[in-house]
Protein chains: 2
Amino acid sequence: MSVQREYASNMSVSMLSPFGARLCALGLPPETLEEIAACDPLLEEVPARSERRSAAPAGSFDVLLRGWAFRYRDLREGSRHIAGLVLPGDPCDIDAVEFGRSNVQLGTLTRCLVASFDGDAFRDLCDRSALVRQAVTRLSMAENAMLREWNLCLAHRSASQRMAHLFCELHVRLAAVDAADRDGYELPLTQVHLAELLGLTAVHVNRTLQAMRAEQLIELSDQQLTVRDWDALAALAEFRADYLEMERAAA
Amino acid sequence: MSVQREYASNMSVSMLSPFGARLCALGLPPETLEEIAACDPLLEEVPARSERRSAAPAGSFDVLLRGWAFRYRDLREGSRHIAGLVLPGDPCDIDAVEFGRSNVQLGTLTRCLVASFDGDAFRDLCDRSALVRQAVTRLSMAENAMLREWNLCLAHRSASQRMAHLFCELHVRLAAVDAADRDGYELPLTQVHLAELLGLTAVHVNRTLQAMRAEQLIELSDQQLTVRDWDALAALAEFRADYLEMERAAA
DNA sequence: TAACGCCCACAACTTAGGTTATTTGAGCGC
DNA sequence: GCGCTCAAATAACCTAAGTTGTGGGCGTTA
């Protein structure tokens, strides 16, 4: 391997740092990131508020490095389902790697930086490297766990509980990539986004937020969430962080 | 490899046939099953209506071979969330393989046969065999897709749509293991089970079933579901089978 | 400066689904 | 035979959340 390649590779590793943090949180060894970085991803800036972009164009493996994005699907009669938020370090659509096609769209909330690995090259790498394949497996399973938990929320919990759960989950996930403060974080979502995510109407999201404000649980204005009482919020949501599989992350 | 071992291995392969069908449906080559079978699972009969059994005791990799089971979690105040049905060929708790622990319980509806692979032996096998690791990845992703779809239903669809969706999905999944007829299948669930699965109350499940009967969509009695109008049912549910990733299955 | 858009707030009314309770019938032990 | 439990049906009532509509603040463009 030439010096240039090593140099280039190290550049990639540092570019990919939020993704590295994610892999590390999942208990994967650091060489995993190096092997993946050797695939030389295409770095792509996506403007804020963009929509209608396939989450993994041409079966590529896309990872968000900076910004907030979300996976969504349009429903009949103009409504929309937001299937999940994508934070720095998260794959945009992990399933596309194996099945070679994506069935979700990706939208951005803020300006984003995406690392896009060529699909075929990445699949080749998976076949050659047990570590990389394991990383994909764990990423998939981590998502699995989040989906399962969210399922439970949607099926059995009230609007305020879902909202509280979302806020708790986001705090843990953002903290893993150093994007949360002790008392809150930036939340670049409108109430309409929240509604599409929580399976509620925008009106009811508004009502629920008012109620949570009135109970001194949270403050939310200018895209900034401030949590006044974490314990009460977590209790309301019946939130336990363990399903996120991030216990291996630095404190 | 001795003749006995080969013989034993072939026995295992045939025992595991519903699991083989599942792997095949996911587009995995037949050798995958042979490699897994070489792990020599413990076969275990579980009586009907049993509960409180960890889905993957001691981090093992458990696969259902015969019968109906479900994953569940208890909630406070006596209620329960059924996180999904486990049909022949399905892993009981795929996440346990990587994370070495299970956070769901397994309940049985009918008498079941479970193949239990020793956790450490199976993980060793994953490290040695790219094929096996890929199988795990695809199984995980297939579950992912089902969870995502179900999320959408819970968030945005009515009781009757969810019910219709469940019936459609089960038909496809059962057909993949030859357990469905053209016009219906055996459905060993009580209305309470349906409620816990759909995120509704038992009364409302009853109401919804009555309505669906009245509209000539389905018939359901004595654990036997008969679908009178598949097209109408699928249209109500807005069901499209592609997310199940079973298009590779035999017709 | 007006006009348009988006986001948030909030009021009035409707509805899907939750809650509680009673009834019936099938199975099962004794 | 009697009494038990469990599944299903169904009625009456209640509430969380959906629906429709209005108004206000604020940034952008003309």
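The structure displayed is predicted, hence computed values, not measured ones. Worth knowing before you read on, the calculation uses all heavy atoms, side chains too, and leaves out hydrogens, waters and symmetry mates.
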For the pair made of [atom1] in [X] and [atom2] in [N], what is the distance, rounded to whole Å?
X        : N      : atom1 : atom2 : value
A:Gln223 : C:dC6  : CD    : P     : 16 Å
B:Met212 : D:dA9  : CE    : P     : 14 Å
A:Leu189 : C:dC8  : CG    : C1'   : 15 Å
B:Leu220 : D:dA7  : CG    : C1'   : 12 Å
A:Glu51  : C:dC6  : CD    : C1'   : 14 Å
A:Gln191 : C:dC10 : CD    : P     : 10 Å
B:Asp222 : D:dA8  : CG    : C1'   : 12 Å
B:Leu209 : D:dA7  : CG    : C1'   : 13 Å

Can you give each donor-acceptor pair under 3.5 Å made by side-chain atoms of residues 202-211 of chain B, sequence neighbours left out, with the distance rounded to 0.1 Å?
unit_1   : atom_1 : unit_2   : atom_2 : d
B:His204 : ND1    : B:Arg207 : NE     : 3.0
B:His204 : ND1    : B:Arg207 : NH2    : 3.4
B:Asn206 : OD1    : B:Gln210 : NE2    : 3.4
B:Asn206 : ND2    : B:Gln191 : OE1    : 3.0
B:Thr208 : OG1    : B:His204 : O      : 2.6

Hey, what's the ring geometry for B:Phe70 with B:His193, parallel, tilted or perpendicular (30° and 60° as the breaks)?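 It falls in the tilted class, 30° to 60°.
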Base, sugar-phosphate alone, or nothing: which one does [X] contact when heavy atoms must sit under 4.0 Å apart?
X        : answer
B:Thr208 : nothing
B:Leu200 : sugar-phosphate
A:Arg162 : nothing
B:Arg213 : sugar-phosphate
B:Thr190 : sugar-phosphate

Taking the side chain as every heavy atom from C-beta outward, state whether [X] and [Y] have any atom pair closer than 4.5 Å.
X        : Y        : value
B:Leu225 : B:Glu186 : no
A:Asn144 : B:Met141 : no
B:Ile218 : B:Arg228 : no

Within the structure, does a side-chain N or O atom of A:Asn206 lie under 4.0 Å from either OP1 or OP2 of C:dC8?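 Answer no for this pair, as no side-chain N or O of A:Asn206 is under 4.0 Å from OP1 or OP2.
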Any side-chain N or O of A:Arg49 below 4.0 angstrom from OP1/OP2 of C:dG5?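 Checking C:dG5 against A:Arg49, no side-chain N or O comes under 4.0 Å of OP1 or OP2.
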First locate atom CG of B:Asp74, then atom CD of B:Gln105, and finally report the distance between them rounded to the nearest 0.5 Å.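 One gets 7.0 Å once the value is rounded to the nearest 0.5 Å.
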Which angle, rounded to 10°, do you find between the first-five-pair axis and the last-five-pair axis of the helix from C:dT1-D:dA30 to C:dC30-D:dG1?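 Both end axes considered, the difference amounts to 30°.
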Audit row: A:His81, A:Tyr72, ring pair (Phe, Tyr, Trp, His ring centres under 6.0 Å) steps and yes/no: CA-CA 6 Å; A:His81 171 64; A:Tyr72 72 94; 10.0 Å; no
Toward the 5' end of DNA chain D, which comes first, B:His193 or B:Arg207, by nearest nucleotide?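 Its nearest nucleotide being more 5', the pick is B:His193.
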